[in-house]
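Take a look at the structure below.
This chain uses plain numbering: 1 for the first residue, then up along the sequence. Just the heavy atoms: all of them, side chains too, but no hydrogens, waters or symmetry mates, feed the values below.
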Amino acid sequence: LVVVGSSFFGKGQDTPYVKKLRELAEPIKDKVIFTGFIDVADLPVLYSQATVFVSPVTWDDPSPKTIYEAAACEVPILSVARGGIPEIVTNNDSALLLSPGFSGLDLSKALNKLLNDPALRKQLAASALKRVQDNFTCKLIGEQWGKAYQDLIPN
């Protein structure tokens, strides 16, 4: 298991959350890596090495960048149907999405399902990549913003 990232943008300070994760990982510490801060330029390498991207979010982020990144790197996604995530990827098509009230058992079952089904991982990853390419490229988003601003300008 590789836990990527940190708060405080690489200042080496663990949050109470990360401290709790490290504590929980102690019995299997030889199988868990905490990377801390990773420069954005290095993230595609980590995504490309992942079997599954897991993001068990607990808040309603309207547009979580990590979901776009994992999809663009063609990594199967396991996350939660909250915030903007269901607009980026769809359950059982381009990701596996847990309900917002998910339990640890729900998360482990879904992760085991993905780890034990290479065909499902491949299908989800390909579908997520296509969704990003069809809907969320910088060019498409720029065009949409441009149109929105043009629509605000009186004729």
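Under a hydrophobic-cluster definition in which Ile, Leu, Val, Met, Phe, Trp and Tyr are linked whenever side-chain heavy atoms come within less than 4.5 Å, directly or via other members, Val2 and Val40 are assigned to the same cluster. No chain of hydrophobic side-chain contacts below 4.5 Å, direct or via other Ile, Leu, Val, Met, Phe, Trp or Tyr residues, connects Ile88 to Leu140. Transitive grouping of hydrophobic side chains (ILVMFWY, heavy atoms separated by less than 4.5 Å) brings Leu115 and Leu98 into a common cluster. When hydrophobic clusters are built by joining Ile, Leu, Val, Met, Phe, Trp and Tyr residues whose side-chain heavy atoms come closer than 4.5 Å, directly or via intermediates, Tyr47 is grouped together with Val52.
Within the model, atoms CG of Leu78 and NZ of Lys109 stand 14.0 Å from one another, a figure rounded to the nearest 0.5 Å. In this structure, Ile85 CD1 and Ser55 OG are separated by 5.5 Å, a value rounded to the nearest 0.5 Å. Leu111 contributes atom CG, which lies 6.5 Å from atom CG of Leu107 (distance to the nearest 0.5 angstrom). Separating the CZ atom in Phe53 from the OG atom in Ser79 is a distance of 7.0 Å, to the nearest 0.5 Å. Within the model, atoms CD1 of Ile67 and NZ of Lys65 stand 13.0 Å from one another, a figure rounded to the nearest 0.5 Å. How far OG of Ser48 is from CD of Glu74: 11.5 Å, rounded to the nearest 0.5 Å.
Salt bridge present: Asp151 and Lys147 bring a charged side-chain N and a carboxylate O closer than 4.0 Å.
With hydrogens and angles disregarded, no donor-acceptor distance shorter than 3.5 Å links the side chain of Asp42 to the backbone of Ile38. In this structure a side-chain-to-backbone donor-acceptor pair under 3.5 Å is present from Ser108 to Leu105. Proximity of a side-chain donor or acceptor of Thr137 to a complementary backbone N or O of Gln133 within less than 3.5 Å is not detected. Side-chain atoms of Gln123 come within 3.5 Å of backbone N or O of Asp93 as a donor-acceptor pair. The main-chain N or O of Leu114 is found under 3.5 Å from a side-chain atom of Arg121 such that the two form a donor-acceptor pair. A donor-acceptor pair is defined here as one N or O able to donate and one able to accept, closer than 3.5 Å; no such pair exists between the side chain of Asp117 and the backbone of Lys113. A distance-only check finds no donor-acceptor pair linking the side chain of Asp61 to the backbone of Gly83 [under 3.5 Å].
With respect to Ser94, the side chain to side chain contact (heavy atoms under 4.5 Å, CB included) criterion is satisfied by exactly one of Asn91, Thr90, Leu97, Leu96: Thr90.
Looking at every heavy atom in both residues, Val4 comes nearest to Thr35 through CA-OG1, 3.2 Å. Listed here is the closest heavy atom pair of Ile77 and Ala128: CD1-CB, 4.4 Å. Across all non-hydrogen atoms, the minimal contact from Glu87 to Arg131 is O-NH2, 2.8 Å. Between Ala125 and Val75, the shortest heavy-atom distance links the atoms CB-C, 3.9 Å. Contact record, Pro100 with Val80: CA-CG1, 3.7 Å, taken as the closest heavy-atom pair. What you find for Arg82 and Asp60 is that their closest heavy atoms are NE-OD1, 2.9 Å.
Sorted by first and then second residue, the ring pair (Phe, Tyr, Trp, His ring centres under 6.0 Å) pairs involving residues 54-102 (not counting sequence neighbours) are Tyr68-Phe136.
Side-chain contact between Leu43 and Glu69: present, with at least one pair of heavy atoms (C-beta onward) separated by less than 4.5 Å. With a 4.5 Å cut-off on side-chain heavy atoms, Pro56 and Val54 count as touching.
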Show me the side-chain donor-acceptor pairs of residues 18-32 shorter than 3.5 Å, one per line, residues at least two apart or across chains.
unit_1	atom_1	unit_2	atom_2	d
Arg22	NE	Asp14	OD2	2.9
Glu26	OE2	Lys29	NZ	3.0

